[in-house]
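Source: prediction; values computed, not measured. Proteins get letters first, then strands, A, B, ... in listed order; numbering begins at 1 in each. Quick note: numbers below take in every heavy atom, side chains included, and nothing from hydrogens, waters or symmetry partners.
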Amino acid sequence: MYRANILVCCGAECTANNAIQVYNTFEEQIKAYKLEKDVKVLKTSECLELCGNNEGVVVIVYPEGAYYVGVKPEDAKEIVSQHIIKGKIVKRLLKKEKEEAEVKSIEETNFFKKQKRVALKNSGLIDPENIDEYIARDGYQALGKVLTEMKPQDVIDLIKESGLRGRGGGGFPTGLKWEFAKKSQSDKKYVCCNADEGDPGAFMDRSVLEGDPHVLLEAMTIAAYSIGSDQGYIYVRAEYPVAVKRLNIAIEQSRKYGLLGKNILNTGFNFDIDIRLGAGAFVCGEETALMTSIEGKRGEPRPRPPFPAVKGLFGKPTILNNVETYANIPPIILFGAKWFSSMGTEKSKGTKVFALGGKIKNTGLVEIPMGTTLKDVIYDIGGGIPDGKKFKAAQTGGPSGGCIPASLIDIKIDYDNLVSIGSMMGSGGLIVMDEDNCMVDIAKFFLEFTVDESCGKCTPCRIGNKRMYEILDKITKGKAKMEDLDKLEELALYIKENSLCGLGQTAPNPILSTLRYFKDEYIAHIKEKRCPAGVCKQLLRYTILEDKCIGCTRCARNCPTNAISGEVKKPHFIDQEKCIKCGVCMKECKFQAIERK
Amino acid sequence: MITLKELSEIKERFIENGKKEQKINIVVGLATCGIAAGAKAVYNRLNEEVKARNLKNVDVKIAGCIGMCRLEPLVEVYVPGESKVTYVNVTEDNAAKIVNDHIVNGNIVTEMLVEKD
Ligand SMILES: Cc1cc2nc3c(=O)[nH]c(=O)nc-3n(C[C@H](O)[C@H](O)[C@H](O)COP(=O)(O)O)c2cc1C
């Protein structure tokens, strides 16, 4: 076994360029270094057909596979002394193949240029399983500053001044929440992190957990110091196994360095964090249900007040914040409240991460300054709608939110603007819809989710949502009457007002907002028995165009319900009673003789 | 237990070592989105390739998600003194090209870069 092989091309072209002399120089050099046992010099009789230019010889050195061109005898000496002896590839002799690329790194794309990365500043850049990489990027410096230079109240004042609001949905001012918990007198207090992320289509928290887990530990420790707590819990869904694994590694590493546990950074402050796994129920993301679940009980919400800052986990004062909220804390400590509040709008400071999904070219995670317009997000960052389709609406806030119609595309995204048009920020899911999406169907999709996820504790949510779902189902099947629309609206408002927790209180939002902006679509379903977007299957009608059908019988043979009949070489017919609208006939027909309306 | 001073020393040591070693880093996005798109196989393939070629100055590392799900698996190459290069939609089959063409022979694999948007 040789440590290295030097392959010298001795095809016609290279031989004419002194390949034999190059080969001999290699042999001499290897002998001179006494490397005959380690390095083998080979010559090919065939041309390697890789000629770069005509000035010299092609040489390939293995195991690296370095591919040298234009090699002259004196170059052979350099290849041996540099590459073979020192392991340094001789760059100037490598074959230069392509011209410079225009866009080399992802940061140079438009997708990145309009973003502002605060919460995601390390995600995708550092090794999440190596605490030293986090520390090298100023990790735990904020904690150090807090523990050695700041009083608890200073921290709270700074967070209040920054204007940071909760990123988990509600948008409650974070500093204020911490202040309430600080003021509550108790022998024990808790700091919790909501990493339940139950919103369908949202995955920004997962990205932080998997890409930058230490930021969470650092921020929770800062929170603990400011309210006077010594125990924290991260509530994360078991469906995030990679996140759980990396969190565990991070906690382990932090404890080893003494960044968690007793006497942190030799300041006398004690705090530790444990993970609690959720089973993936949406309602367990609601704060009171989450705490009940951590206590080991069935995850059901309870009425507030008392608020968790007064009576939370195990009946003790507790703060609960979202993953992304926490990810903003260390940068605020390090760069100051002014820096943070210089981003965003009057009442919504900083940035927000959105999970772009649906009918958009660049699906993925984007972090933008608050106040960026929806248009910028969809067209500049998101790359627009694929296949030249028209933008119809965007859904924010998932099952608790609402839609923003195309007419409002210039809206500046922040907490209050979204609420004012009947949607909400939510946790940051942003689903883009084009002209092929039926808005009634979308509302039905979200309602099906909330019906499934309702815990059943209170009646408006348990029964009311189910009734609303039934009405929507009737509408999409063309079986509803106009009175049903009034009933739907009445129920929606009632459920909003009377449900126990946020799940029920917001469940009607997708219906109310589609009713507000797309009532005509509801009416088309009811009055004309027509789905304008062509989505609701039951309202579709497949018919055969007599003048185009040549009677090949292909559709009839492929119809799974035998709904098509007709004689060979004569136009066929579809029996609407038997048709299940599967569309197979349309796909099979070679003559575009089948029409769907 | 480390002190604040030692924390800063860890930071400095890490940065110093990086400068001293002058290693080429190949970083694979190994978050759930990347893994679902096949990043683990890419990661393994890159490791095999670096080992087989006995490239001692190259480290294959992991990172989380950079946010461009559509283009996963994503591989970024950091050569000291050069600007970072991002490869997108990397597969088990073309991962070796990054090592052969770019790392060893200094030629960026242009066809695996993100398209200009
Ligand atoms: C049904 C329901 C589900 C929720 N799910 C989540 C969740 O998955 N993640 C989250 O951070 N907040 C969720 N929330 C909001 C939390 O109740 C709470 O407001 C939030 O965690 C507080 O943190 P923040 O102030 O940092 O946003 C949910 C609320 C409701 C009503």
Side-chain angles (χ1 to χ4, degrees), chain A residues 62-67 87 89 91 94-98 100-107 109-111 120 122-129 132-133 135-136 138 140-141 144 147-148 203 206-207 210-212 240 242-243 257-259 261-266 361-367 383, chain B residues 1-8 10-15 17-18 27 29-35 49 52-57 61-72 74 76-77 82-86 88 96 99-101 103-111 113-117:
Chain A
Y62 295 103
E64 294 91 342
Y67 172 23
I89 290 174
K91 288 208 174 128
L94 290 171
K95 182 176 179 190
K96 277 275 156 274
E97 293 207 336
K98 290 141 198 160
E100 281 287 275
E102 224 176 323
V103 176
K104 274 193 275 188
S105 86
I106 202 140
E107 277 84 355
T109 58
N110 286 336
F111 176 76
L120 298 181
N122 288 331
S123 278
L125 295 176
I126 65 166
D127 179 350
E129 297 182 6
D132 288 358
E133 279 205 27
I135 292 173
D138 289 332
Y140 290 105
Q141 291 290 338
L147 292 184
T148 57
F203 49 93
R206 190 186 70 203
S207 178
E210 292 180 349
D212 194 17
Y240 280 1
V242 181
Y257 273 164
L259 293 164
K262 294 251 177 304
N263 194 16
I264 294 171
L265 288 171
N266 201 23
K361 187 171 153 236
N362 296 331
T363 52
L365 279 189
V366 302
E367 182 168 358
Chain B
M1 188 253 323
I2 58 168
T3 60
L4 188 54
K5 188 163 159 278
E6 284 162 327
L7 183 72
S8 299
I10 293 173
K11 175 183 163 184
E12 258 121 59
R13 209 180 314 132
F14 188 91
I15 295 170
N17 281 346
V27 181
L30 266 187
T32 294
C33 43
I35 293 168
E49 203 62 37
R53 290 168 190 260
N54 199 22
L55 302 173
K56 298 237 167 61
N57 69 328
K61 294 183 163 181
I62 68 164
C65 136
I66 193 110
M68 229 176 187
C69 309
R70 171 175 80 87
L71 302 174
E72 294 285 354
L74 243 93
E76 306 211 287
V77 174
E82 293 175 20
S83 57
K84 174 176 93 171
V85 175
T86 310
V88 302
V99 179
N100 186 74
D101 291 16
I103 309 291
V104 175
N105 286 298
N107 290 308
I108 291 174
V109 192
T110 40
E111 67 268 25
L113 298 173
V114 61
E115 76 222 55
K116 191 170 184 283
D117 55 359

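If you measure heavy-atom distances from B:Lys84 to chain A, the contacts under 4.5 Å come from both the backbone and the side chain. Neither the backbone nor the side chain of B:Glu72 comes within contact range of chain A, judged by heavy atoms closer than 4.5 Å. Of the two parts of A:Thr148, only the side chain, counted from C-beta on, holds a non-hydrogen atom closer than 4.5 Å to a non-hydrogen atom of chain B. With a 4.5 Å cut-off on non-hydrogen atoms, A:Ile126 touches chain B through its backbone but not through its side chain. With a threshold of 4.5 angstrom between heavy atoms, B:Ile62 approaches chain A through its backbone and through its side chain. Residue B:Leu30 touches chain A through both its backbone and its side chain, counting heavy-atom pairs closer than 4.5 Å. B:Ser83 touches chain A through its side chain: at least one heavy atom from C-beta onward sits under 4.5 Å away, while N, CA, C and O do not. Neither the backbone nor the side chain of A:Tyr240 comes within less than 4.5 Å of any heavy atom of chain B. Residue contact with chain B, scored on non-hydrogen atoms closer than 4.5 Å, involves the side chain of A:Val242 exclusively. In this structure, chain A has a heavy atom under 4.5 Å from the side chain of B:Leu55, while its backbone stays farther away. Contact of A:Gln141 with chain B is made through backbone and side chain together, with heavy-atom distances under 4.5 Å.
Annotation: side chain of B:Lys11 is in contact with side chain of A:Asp138 (closest heavy-atom distance under 4.5 Å).
When A:Gly364, A:Ser207, A:Gly211, A:Gly261 are compared by the number of non-hydrogen pairs under 4.5 Å with chain B, A:Gly364 comes out ahead. When the candidates A:Asn122, A:Ile264, A:Leu365 are compared by the number of heavy-atom contacts under 4.5 Å with chain B, A:Leu365 comes out ahead. With chain A as the partner, the residue from B:Glu6, B:Arg70, B:Lys56, B:Glu49 showing the most heavy-atom pairs under 4.5 Å is B:Arg70. Looking only at heavy-atom pairs under 4.5 Å with chain B, the residue among A:Glu107, A:Glu133, A:Glu64 that has the most is A:Glu64. For chain B, the option among A:Glu129, A:Lys262, A:Arg206, A:Lys91 with the highest count of heavy-atom pairs below 4.5 Å is A:Arg206. Among A:Ala243, A:Gly258, A:Gly65, A:Gly144, the residue making the largest number of heavy-atom pairs under 4.5 Å with chain B is A:Gly65. For the set B:Val114, B:Thr32, B:Asn54, the count of heavy-atom pairs under 4.5 angstrom toward chain A peaks at B:Thr32.
Across A:Asn266 and B:Met1, no two heavy atoms sit closer than the pair N-SD, 3.1 Å. Of all the heavy atoms in B:Leu113 and A:Lys104, the pair that sits closest is CD2-O, 3.9 Å. Minimum interatomic distance between A:Ile106 and B:Thr86 (heavy atoms only, all atoms of both residues): N-OG1, 2.9 Å.
Between the CZ atom of A:Phe111 and the CD1 atom of B:Ile66 there is a distance of 9.5 Å, given to the nearest 0.5 Å.
A donor-acceptor pair under 3.5 Å links the side-chain atoms of B:Asn105 to the main chain of A:Tyr67, judged by distance alone. A distance-only check finds no donor-acceptor pair linking the side chain of A:Glu210 to the backbone of B:Ala31 [under 3.5 Å]. Within the 3.5 Å criterion, the main-chain N or O of A:Leu120 finds a donor-acceptor partner in the side chain of A:Glu367.
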Q: Just do the side-chain hydrogen bond (donor to acceptor under 3.5 Å, both in side chains) check on A:Asp132 and A:Tyr257 with the steps written out, would you?
A: CA-CA 10 Å; A:Asp132 288 358; A:Tyr257 273 164; 2.7 Å; yes
Q: Give the intermediate values and the outcome of side-chain contact (heavy atoms from CB on, under 4.5 Å) for residues B:Cys65 and A:Phe203.
A: CA-CA 11 Å; B:Cys65 136; A:Phe203 49 93; 5.8 Å; no
**Q.** Derivation and outcome, side-chain contact (heavy atoms from CB on, under 4.5 Å), residues B:Arg53 and B:Asn100
**A.** CA-CA 9 Å; B:Arg53 290 168 190 260; B:Asn100 186 74; 2.9 Å; yes
